[in-house]
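Following: one structure in C-alpha cells, then a few remarks.
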Amino acid sequence: MRLCLMPAWSEVGTVMSTSGVDYSGHPPIRARITVEDLLAAKNTQPIRTLDDLAADTFESDAELEEFLAFTHAERHRDTD
C-alpha cells in the first residue's frame with residue numbers, strides 16, 4: 001500500500017491510499033549501471049589518435065563549402 005498526500009490546496013490532512021500504482025509522473029527508477037559497463041556493452045575502444053575521430057561526412061569539398069555557407073548565414077540571420 002502506498003500513501004500519497006494531497007496537494008496543499010486540498011483539504012488539510014487528507015490522505016489517499018493506492019494499490020501500489022505510481023501516479024507521480026516520473027519514470028520508474030532503473031538499476032544503476034557504471035560507465036565501464038555501458039562502454040563494454042557497446043564494445044567501445046579508446047581514442048588513440050585524431051584519425052580515430054575522422055569521418056567522411058561530406059562527399060565533396062563543394063558540399064562542405066555549401067554546408068559552411070548555410071551555417072554561417074543561419075548564425076548571422078538575425079544580427080543584420
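Values below: all heavy atoms of this structure, side chains included; hydrogens, waters and symmetry mates excluded.
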>> Heavy-atom count check: over 12 atoms from other residues, nucleotides or ligands less than 6.0 Å from E66 CD?
In response: no
>> For E74, is the CD atom crowded, meaning more than 12 foreign heavy atoms sit under 6.0 Å from it?
In response: yes
> Roughly how far apart are L39 CG and Q45 CD, rounded to 0.5 Å?
Replying inline: 10.0 Å
> Quick check: are there more than 12 heavy atoms from other residues, nucleotides or ligands sitting under 6.0 Å from CD1 of I47?
Replying inline: no
> Could you state the interatomic distance from OG1 (T71) to CZ (R75), rounded to the nearest 0.5 Å?
Replying inline: 6.0 Å
>> For L50, is the CG atom crowded, meaning more than 12 foreign heavy atoms sit under 6.0 Å from it?
In response: no
> Can you name the closest pair of heavy atoms from H72 and H76 and give their distance?
Replying inline: O-ND1, 2.8 Å
> Do other residues, nucleotides or ligands put more than 12 heavy atoms under 6.0 Å from the CG atom of D61?
Replying inline: no
